[in-house]
Amino acid sequence: MKKPLNRTKAASLNAVTMMATQLIGLVLKFAVQTAFIHELSQSYLGLNGLFANVLSFLSFADLGIGTAITMALYKPIADGDTRELQALMQVFRKAYRYISLVVTVAAVALAPFIHFFIKDSVFPNWQISAWFLLYAVSMVATYFSAHKRSFIMATQQGYLNTLNDFVFKSIQQVGQFVIIFVFHSFTGFLVMQGLMAIIGNWQLSHMTDRRYPEIFKKGHFDDDYALPKDVTTGIKRNVIGALSSKIGEIVVLGSDNLLLSAFLGLTAVAKYSNYMLIVQSLSSLIQQVLGSFVASIGNLHVTSSARWQETVIYRLQYLNALINLFVTVGLGFGVNIFIHMWAGPNYLLSPLVVMMIILNFSIMQSRFTPLNFISGMGLYWEIRNKSVIEAIVNLVLSLGFILIGHLCILGVVLGTLCSNLIINVVWEPLIVFHNGLHLSIKPYMVRFGCYQIFVTIMGIVAMLAGEHFSHIGFVALIFGLIVAELIAIALFVLLTLKTKEFAYSMTIVKKQLQRFKH
């Protein structure tokens, strides 16, 4: 089996690849959304958002298998244990076959009732059901190569998966843009999505077989080998823990459009979806870049001391805070102006709702460091209760804000924000430091509090400043945004000038500049 890449090189390669492909993908995604906005009605856009949320609930069926795969693979990959890797892949391949069957049956069973989640629908019920099934094809297709995708990620070669997804996703989005712009067909849009998902996953499977024949080709299997008991026990614990985490993730992230559609209608979903497209695209970009370190963290955890892992946490936390600041200030300054220019005034939300969306985004981004270490360390068993409680708190608060407080879209955003503040910001790092490192959480929380307060203040100031630049022209707007970003980053650097994390960051920058010169 091929030797894994050096941790630093692997993380850097994965991060650069993900950054480049995500940026191009972001442009294509906005092109498709623009076609949606201007060529189809708000109801189609809302319907697309609703389908995405409903199907996220069906993804519950994977039972955390993906997480269990990745965690179980780190050690045998590091040891070069081919027999154990073969056995693990066969177990997970069979599991995903059953999962794909369960998801397919669940989608078919739910399709006739999907219109009940839509208030005052303008589409025939049979058509909504047919569209929902077409949308489901793209999700079911991912399960056929899911175990191989996890293997690629665990070998610190996530860039291969990224490039594969990028190629087929780009073809899909270009095709969808043409279909909507020329033919105005939502059905064609969904067919193109499903077709590219099938072909893309087939190609990933074929590529993995070709690169690792000793793991995936049948002629190489050792049928007499049985997985050690401690490995199977660890997998079961990780599956149960990841299942709980999956419940929390689905309810928190997957219920927003469902609640809006059921209580306010598809128009509210359409407005909210545009802001979420911007926020989630940026969040995905950051997550892909910082998430590229997860496999390296897994390797770090089994080869390094707790103190060294703590040092790495603080360095990644600093990087995360800097990225969070840059994006939050940009969102605060320009998101409403961008929505007005891009989609039109009919798609704008109130400043208070937008401010809460941005604050919630900022809190979510600040969680990436502990979440990555939870994934890398395999602490899903320890996090199982947190995720269920988070889901309950989020759903209860969101429903209360909507039904009792009559806060509409603001209620949905506040429900997520409050569950983050009440549950996540302390519990997740506590798991990392208490269960993973057995060290004090206090230094981390002090840093977190200082970073987050500063980012929040800068985001609010940027939003207030953006209101004054909304009517003075595009060039002046860009100039104002650049000035806002420079001021925020300069203040952040001044405040962190004497920290070890800043010194380390400058060392990395100097090394990169020296490489560039040579």
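Values reported hereafter were calculated over all heavy atoms of this structure, with side chains retained and with hydrogens, waters and symmetry mates removed. Remember, predicted model here, so these are calculated numbers, not experimental data.
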Any side-chain heavy-atom pair from Met196 and Met192 closer than 4.5 angstrom? yes

Which pair of heavy atoms, one from Ser129 and one from Pro112, lies closest together, and at what distance? OG-CA, 3.6 Å

Check: Phe216 ring centroid to Phe151 ring centroid under 6.0 Å: yes

When you measure from the side chain of Gln365 to the backbone of Asn320, do you find a donor-acceptor pair of N or O atoms at a distance under 3.5 Å? no

Side chain Glu485, main chain Gly330, donor-acceptor under 3.5 Å: yes

Quick one: closest heavy-atom pair of Phe333 and Ala484, and the distance? CD1-CB, 4.2 Å

Which heavy atom of Gly25 sits nearest a heavy atom of Phe166, and at what distance? N-CE1, 4.2 Å

Would you check if the side chain of Ser205 reaches a backbone N or O of Trp202 as a donor-acceptor pair within less than 3.5 Å? no

When you look at CZ of Phe326, are more than 12 heavy atoms from neighbouring residues, nucleotides or ligands closer to it than 6.0 Å? no

Are any non-hydrogen side-chain atoms of Gln86 and Gln90 less than 4.5 angstrom apart? no

Can Arg149 and Asn201 be counted as having a side-chain donor-acceptor contact under 3.5 angstrom? yes

Distance-only donor-acceptor check, side chains Thr187 and Trp131, under 3.5 Å: yes

Ser281 side chain vs Ile278 backbone, donor-acceptor pair below 3.5 Å: no

Would you please say whether a donor-acceptor pair under 3.5 Å links the side chains of Asn274 and Gln33? yes

State, with a plain yes or no, whether a side-chain heavy atom of Thr208 is found less than 4.5 Å away from one of Ser145. no

For Val329 and Ala462, which heavy atoms make the closest approach, and how far apart are they? O-CB, 3.6 Å

With rounding to the nearest 0.5 Å, note down the distance linking CG in Leu349 to CE in Met355. 13.5 Å

Would you say Asn336's side chain and Leu348's backbone share a donor-acceptor pair under 3.5 angstrom? no

Is it true that the side chains of Asn420 and Asn424 contain a donor and an acceptor less than 3.5 Å apart? yes

With heavy-atom distances below 4.5 Å as the criterion, would you say the side chains of Lys271 and Leu260 are in contact? no

Donor-acceptor pair, Ser261 side chain versus Phe117 backbone, under 3.5 Å? yes

What about the rings of Phe189 and Phe36, do their centers lie closer together than 6.0 Å? yes

In sequence, state the C-alpha distance, the side-chain angles, and the governing distance for Leu319 and Phe368, and then conclude on side-chain contact (heavy atoms from CB on, under 4.5 Å). CA-CA 11 Å; Leu319 173 62; Phe368 279 161; over 6 Å; no

In the structure I gave you, are the side-chain heavy atoms of Asn48 and Tyr135 within less than 4.5 Å of one another anywhere? yes

Whether Ser398 side chain and Leu395 backbone form a donor-acceptor pair below 3.5 Å: no

Residues which pass ring-ring contact (aromatic ring centres under 6.0 Å, His included) with Phe181, listed by chain and number, not counting sequence neighbours: Phe177

What distance do Phe401 atom CZ and Ile409 atom CD1 have between them, rounded to the nearest 0.5 Å? 15.5 Å

Checking the side chain of Thr328 only, and the main-chain atoms of Leu325 only, is there a donor and an acceptor separated by less than 3.5 Å? no

For a side-chain contact (heavy atoms from CB on, under 4.5 Å) check, start with the C-alpha distance between Leu110 and Val54, then their side-chain angles and the critical distance, and finish with the verdict. CA-CA 10 Å; Leu110 183 60; Val54 171; 3.5 Å; yes

Non-hydrogen side-chain atoms of Leu85 and Tyr212 separated by less than 4.5 Å: no

Find out whether Val393 and Cys418 are in side-chain contact, i.e. whether some heavy atom of one side chain is under 4.5 Å from a heavy atom of the other. no

Would you compute the distance between atom CG of Leu352 and atom CG of Leu410 and round it to the nearest 0.5 angstrom? 5.0 Å

Would you compute the distance between atom CD of Glu39 and atom NE2 of His184 and round it to the nearest 0.5 angstrom? 5.0 Å

Could you walk me through whether Ile199 and Ile171 pass the side-chain contact (heavy atoms from CB on, under 4.5 Å) test, one step at a time? CA-CA 11 Å; Ile199 298 174; Ile171 296 172; over 6 Å; no

Heavy-atom closest contact (Ser362 atom, Val455 atom, distance): OG-CG1, 3.3 Å

How many angstroms lie between CG in Leu282 and CG in Leu331, if you round to the nearest 0.5 Å? 5.5 Å

Determine whether the aromatic ring centres of residues Tyr275 and Tyr347 are separated by less than 6.0 angstrom. no

Any donor and acceptor pair, going by atom type alone, linking the side chain of Ser43 with main-chain N or O of Leu266 inside 3.5 Å? no

On a heavy-atom basis, the closest approach of Ser100 and Tyr143 is CB-CB, 4.0 Å

So, taking the atom named CG in Leu258 and the one named CG in Leu50, what distance separates them when rounded to the nearest 0.5 Å? 6.5 Å

Could you check Phe263 against Leu399 for side-chain contact (heavy atoms from CB on, under 4.5 Å), going step by step and ending with a plain yes or no? CA-CA 10 Å; Phe263 292 103; Leu399 285 171; 4.0 Å; yes

Treating Thr142 as the side-chain partner and Ser138 as the backbone partner, does any N or O pair qualify as donor plus acceptor under 3.5 Å? no

Do Thr21 and Leu163 have side chains that get closer than 4.5 Å, going by heavy atoms? yes

Is the centre of the Phe338 ring less than 6.0 Å from the centre of the Phe30 ring? yes

